[in-house]
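In what follows, a structure is listed as C-alpha cells, so that the remarks can point back to it.
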Protein chains: 2
Amino acid sequence: MAQQPDTVTRILDTAEVLFAERGFAETSLRNITSKAKVNLAAVNYHFGSKKSLIQAVFARYLDPFTVRFHAALDELEADHAGGVIPLEELLETMARSVLEVPAERNSLKGFMRLLGLAYSQAQGHLRRYIQEEYGSVFTRFTELVRRATPELPDAERFWRLHFMLGTVIFTLSGLDALRDIAEKDYGEHVSVRDLVRRLRPVVVAAMNAPLPEPAPARREAG
Amino acid sequence: MAQQPDTVTRILDTAEVLFAERGFAETSLRNITSKAKVNLAAVNYHFGSKKSLIQAVFARYLDPFTVRFHAALDELEADHAGGVIPLEELLETMARSVLEVPAERNSLKGFMRLLGLAYSQAQGHLRRYIQEEYGSVFTRFTELVRRATPELPDAERFWRLHFMLGTVIFTLSGLDALRDIAEKDYGEHVSVRDLVRRLRPVVVAAMNAPLPEPAPARREAG
DNA sequence: CATCATTGGAAACAATTGTTTGAATGTTCC
DNA sequence: GGAACATTCAAACAATTGTTTCCAATGATG
C-alpha cells in the first residue's frame, strides 16, 4: 500500500479541494479533517488557525510560482539583452509559469478556482497576504508590459491588465460549469490548454485595442 | 422626518449592502436585522429563509433588468427590420440596460459585486435560480450576437462571450479595491461610466480578434 | 366592532462553528 | 533505558449560526 502523505500534506490537499468547491466560509474545519482523516485539532496544531491554513494553501502554489516566474523573466530579459520584450512573449511566459506549477500535481483547475476566490471572497486578510507576499513579482511583470506597450497611457494599461486578469480567472475558475455547457452544446471537449490557446489572440487583441474616446468633460458641480 | 421604508425594503437594502461587502455566508441575519433596525424574526417571516432572502435581493435587480433589456432588444430589432444588428450596438444596448436599473438607486457598484458573488460563491442554489429565472434573456442576446459575428465558429463565440463576461464581472465586482489603486497610482478618479467607456473598445477588439491557431492534433493514447 | 396581516420584542431552539485542553502515543537523541 | 520533544486523539469549550415560538401592540380591512 502506498505510504500515506503526512498530516500537514493531507490537510492541505483536502482543504485545497474543499475550498475550491465551496469557498472558505462554507468549508468547516470538521469537513476538512474528517475527509482528510486527521484529527480535528491537527489543523490548529499545525497551522494555528483557519486563516493561516487558508494562507498556507495559497503559499503552496504561489511560492514555487514566483520562483519559477522570476526565473523565466530573468531568462527572457537575458534573451532580449536590454531591449524590449514583445507583449506576446511576456504573456506566453506568464501563461507557461502559471500552468507549470499546478500541472505537477494535476490541480490546475483547483488552483484557478482558488485564485478566483481570493479575489471575490472579501476575505480581507487573504488579499493583504497575497499583496504583501507576492506583490513584487507582479510589479516586475507590469513594468515589462509597460515597456512592451509604450503607446498605452499608464492608466489605460492598468485597467486593461485587470480586464484580462478577470477574463482568465473568471473563465478558469468557472471552468467546470462552462466546460459542461460547451461539451453539451458544441460536442467539444475542452482542456485547459485549449482554453489558453483560445485566450491568446483575445488577450493580445484586447491589449492592443484602440484607445477609448476621451471622457466627456465633467460639468462643474453647480 | 422622512418616512421610513417598510420592513421588507429595509431588509433588502441592508442585506444587499452587507452581502456585497462580505459575501453571503459571512453575513448573518443578525447583522442584517440589527443594522436595518428590524426584528430578527422579520426575515424568516417575510422571506421564509436566508436562501430566499438572497434570491430576493437578486430578483429586485434582475426582474426590472430583464424587462428593460427585452424592450431595448425589441426596439433594436425593429430599427434593423430583420437585418443584422452590429456587434457594437448589441454591446452598447446591453451596457445601457445593465447600467440603467441600479442607477435609479445609486447602487450600481453593489449590484456588480453581487453579480460577481453569484458566480464565484459556489452557492449552487443561486446559480440555478438565476439560470432558470433569467436564462432566456441571455439566450436571446447570444443569438443576436451570433448573427452579428457570422465568421466566428459557434464554440469560439461561446468562449469569447464568457471571456468578456469575466472581464466585466471581475472588474466591476472588485471595483472598490481597483479604484483605490488606480486613484493612488494615477491620480485619476474612475467612475463606473469611465470604466464602461474603457471597456468598449477592449471588448469589441476581443470579440473580433483573429481566430486561434488550430489545436495541435491529439496524439492517440498509446 | 371584529378580523387579519404586519411589526416588535425576547427567548429559546438545535446545530455548527473555531479553538483549547489534557492525556495518550510516538519519535528522537543522549 | 530514559528524558525531551512532537504528534495524535477524544472531549469539551464558548460563541455564533438560522430558525421557531410565544406574546403584545399596531394598523388596516371587512
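Every chain is numbered from 1, with letters handed out A, B, ... down the list of sequences. What's counted below: heavy atoms across the whole structure, side chains too, no hydrogens, waters or symmetry copies.
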Between [N] ([atom2]) and [X] ([atom1]): distance, integer Å:
{"X": "B/N44", "N": "C/dT7", "atom1": "CG", "atom2": "C1'", "result": "15 Å"}
{"X": "A/L40", "N": "C/dT20", "atom1": "CG", "atom2": "P", "result": "12 Å"}
{"X": "B/D6", "N": "C/dG8", "atom1": "CG", "atom2": "C1'", "result": "15 Å"}

Exercise. Using a cut-off of 4.0 Å on non-hydrogen atoms, how would the nucleic acid contact of B/A42 be classed: base, sugar-phosphate, or nothing?
Worked result: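 No contact.
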Exercise. Using a cut-off of 4.0 Å on non-hydrogen atoms, how would the nucleic acid contact of B/T33 be classed: base, sugar-phosphate, or nothing?
Worked result: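 No contact.
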For this session: Determine whether the aromatic ring centres of B/F170 and A/F170 lie less than 6.0 Å apart.
Result: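 Judged by ring-centre distance (under 6.0 Å), B/F170 and A/F170 do not meet the cut-off.
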Exercise. Would one find a side-chain N or O of B/N39 under 4.0 angstrom from OP1 or OP2 of C/dG9?
Worked result: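 For C/dG9, OP1/OP2 do not have a side-chain N/O of B/N39 under 4.0 Å.
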Problem set entry | Any B/Y45 side-chain nitrogen or oxygen under 4.0 Å from OP1 or OP2 of C/dT7 |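 Checking C/dT7 against B/Y45, no side-chain N or O comes under 4.0 Å of OP1 or OP2.
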Exercise. Taking everything shown except A/E75 itself, do over 12 heavy atoms lie less than 6.0 Å from its CD?
Worked result: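 No, not enclosed.
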Problem set entry | Atom CD of B/Q131: over 12 foreign heavy atoms under 6.0 Å |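 Atom CD in B/Q131 is not packed in, count stays at 12 or less.
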Problem set entry | Divergence of helical axes at both termini of the helix from C/dC1-D/dG30 to C/dA12-D/dT19 - five pairs an end, 10° steps |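 Inter-axis angle at the ends, rounded: 10°.
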Exercise. So A/R160 and A/E156, salt bridge (charged side-chain N to carboxylate O under 4.0 Å, His left out) or not? Walk me through it.
Worked result: CA-CA 6 Å; A/R160 290 191 179 182; A/E156 191 67 30; 3.1 Å; yes
Exercise. In terms of ring plane angle, is the pair B/Y134 and B/Y129 parallel, tilted or perpendicular, where the classes change at 30° and 60°?
Worked result: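 Geometry flag for B/Y129 against B/Y134: perpendicular rings.
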SB check [X] [Y] (cutoff 4.0 Å):
{"X": "B/R10", "Y": "B/D13", "value": "no"}
{"X": "A/R146", "Y": "A/E143", "value": "yes"}
{"X": "A/E92", "Y": "A/R200", "value": "yes"}

Problem set entry | Closest to the B/A41 side chain, choosing from C/dT19, C/dT7, C/dG9 |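 That would be C/dG9.
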For this session: For residues B/V203 and B/L91, report the shortest heavy-atom separation together with the two atoms involved.
Result: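 It is CG1-CD1, 3.7 Å.
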Problem set entry | Span of DNA chain D in contact with chain B (heavy atoms, under 4.0 Å) |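 Span of nucleotides near chain B: D/dT17 to D/dT21.
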